[in-house]
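What follows is a single structure, written as structure tokens, with notes after it.
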Protein chains: 2
Amino acid sequence: MAAEPSDRYRDRPVRRGRRPATSKHELERVAFDLFERAGFEDTTVDDIAAAAGIGRRTFFRYFDSKNDVVWGSFTEQLDAMREQFGRCSADQPIMAALREVVVNFNRFDPAEVPWHRRRMELILRVPALQAHSTLRYAEWRTVVAEFVADRLGLDVDALIPRTVSHATLGVCIAAYEHWLTQADARLTDILDDALASLAGGFSDLA
Amino acid sequence: MAAEPSDRYRDRPVRRGRRPATSKHELERVAFDLFERAGFEDTTVDDIAAAAGIGRRTFFRYFDSKNDVVWGSFTEQLDAMREQFGRCSADQPIMAALREVVVNFNRFDPAEVPWHRRRMELILRVPALQAHSTLRYAEWRTVVAEFVADRLGLDVDALIPRTVSHATLGVCIAAYEHWLTQADARLTDILDDALASLAGGFSDLA
DNA sequence: ACGTTAACGGCATCGAGTGCCAAAATGGAA
DNA sequence: TTCCATTTTGGCACTCGATGCCGTTAACGT
């Protein structure tokens, strides 16, 4: 059941030194289990390390911080999103493309949804994680800003791309927060609605 | 020159116990001075306390955290913004009112501008402060969401008010970040432009 | 067997943040 | 003037996240 320690070395079947004692995935599993029981704040890194059977020092070789545990393979997912942007038709309006890609990016296999929900509950409700999330969101925004900048022939750091990416992220977070309060709503629907409002400049609300 | 220790007791000229050894304002001054020299990260709470001539333990009675030092009287300013929203004409469109109030809220006396710039450079560029700012932004968003909810007869936690407040905040942060890169631009102008873009649903960018 | 390589994990250290509590300072009342 | 109530101070001890250092362990190839 547990992930193979060699998960991280799929692309190098033959390797030299000592094998990793665990994997990011497995650590994530163990940690989420503890978070579920005692809460994020009351679970110490020692707890996680002990439960995973590794030393505390080793934990910090798998994750830069306790906060990072909940972010899974976020960086890899960003790469996927960047690719989706690359496949957008050039004659689709920017905000429409943005809406489509972001919504698609948030489609999950039904089996994964409860897991994703727990992850987002942590990120959006635990103060320490809310705070830390800002740093991860910056990466997300950059992907969006790159797309917008590319389309408009502007620099990534120009005002327009940054403004659009910030606004879009804000809308997504609001949608996510709303989704968490709805027991059985579809995330993609809420995101789609919210992003449509944004593209309309919220003019519908008089 | 230093603020009176009794700053915090303006409304109670006669008081009982021991006088405070310093004030939030004075601590802020001392801290900013150190941040300027050594940077935020390399300035410890001990450094600040020592420079202010108080004990480390006492520092934490003035501020909940080292991060909070840079936020000055943010909560008081939010109250002012809430009042400004209250004075808005009911027939002004929501996004227009939002734009006006937020821009006005960011007008500063020219003499304060350099100070405000340094404050925002810290908040927007130091990772630890970027992260912590999220928690303060939440308060800001609530003020905006309250206004929008009130106007639409919705709950503060409804999707629309939250979405609008998140988007508006995002735009403001983008504007602020842009302002920091421009040596002599007017913050209010940038904010006004960016908020106009938002109200237009970024439709101008095709 | 031996050397190389890579991961492990203990130890020491730093810095933020908190609970506890005695000491200091201040005004008012006896 | 002395004593009391009140309020702030600040030292001490402790927890927890995070990091540098370094010897140890486990795998592989020769």
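Numbered from 1 within each chain, the chains take letters A, B, ... in sequence-line order.
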Spacing of H132(B) atom NE2 relative to dG17(D) atom P, expressed in whole Å:
18 Å
Under 6.0 Å between ring centres: does that hold for F63(A) and W71(A)?
no
Is there a side-chain polar atom (N or O) of Y62(B) under 4.0 Å from OP1 or OP2 of dT8(D)?
no
Rounded to the nearest angstrom, tell me the gap between atom CD1 in I54(A) and atom P in dA7(C).
13 Å
Quick one: F63(A) CZ to dC16(D) P, roughly how many Å, whole number?
21 Å
How long is the line joining CG of D47(A) and C1' of dG17(D), in whole Å?
13 Å
Whole angstrom is fine here: how far is it from CG in D64(B) over to P in dG19(C)?
11 Å
For residues 162-179 of chain A, the salt bridge (Lys or Arg N to Asp or Glu O under 4.0 Å) pairs (sequence neighbours left out) are D157(A)-R162(A)
Can you check whether C172(A) reaches W140(A) side chain to side chain, under 4.5 Å on heavy atoms?
yes
For residues 92-112 of chain A, the salt bridge (Lys or Arg N to Asp or Glu O under 4.0 Å) pairs (sequence neighbours left out) are R99(A)-D192(A)
Residue pair Y176(B) / N106(B), side-chain heavy-atom distance below 4.5 Å
yes
Among dC28(D), dA5(D), dT9(D), which is the nearest nucleotide to the side chain of R16(A)?
dC28(D)
How does protein contact run along nucleotides 10-16 of chain C, one letter per nucleotide 5' to 3', with B for base contact, S for sugar-phosphate only, - for none, heavy atoms under 4.0 Å?
BB---SB
Where does DNA chain C pair, written as one dot-bracket string 5' to 3', with Watson-Crick or G-U pairs under 3.5 Å, ( ) inside the strand, [ ] for crossing pairs and | for another strand?
||||||||||||||||||||||||||||||
Cationic tip of R117(A) above W179(A) ring, under 6.0 Å, 45° of axis:
yes
Rounded to whole Å, CG of D42(A) lies from P of dG17(D) at a distance of 10 Å
Could you state the CZ-P distance from R15(B) to dG28(C), rounded to the nearest angstrom?
11 Å
Output all residues satisfying ring pair (Phe, Tyr, Trp, His ring centres under 6.0 Å) with F40(B), sequence neighbours left out; order by chain, then residue number.
F35(B)
Nearest heavy-atom neighbours spanning T163(A) and A194(B):
CG2-CB, 4.3 Å
Residues forming a salt bridge (charged side-chain N to carboxylate O under 4.0 Å, His left out) with E28(A), sequence neighbours excluded
R119(A)
Does a distance-only test, which skips hydrogens and angles, find a donor-acceptor pair under 3.5 Å between the side chain of R19(B) and the base of dT8(D)?
no
Closest to the R18(A) side chain: dT9(D), dT25(D), dG17(C)?
dT25(D)
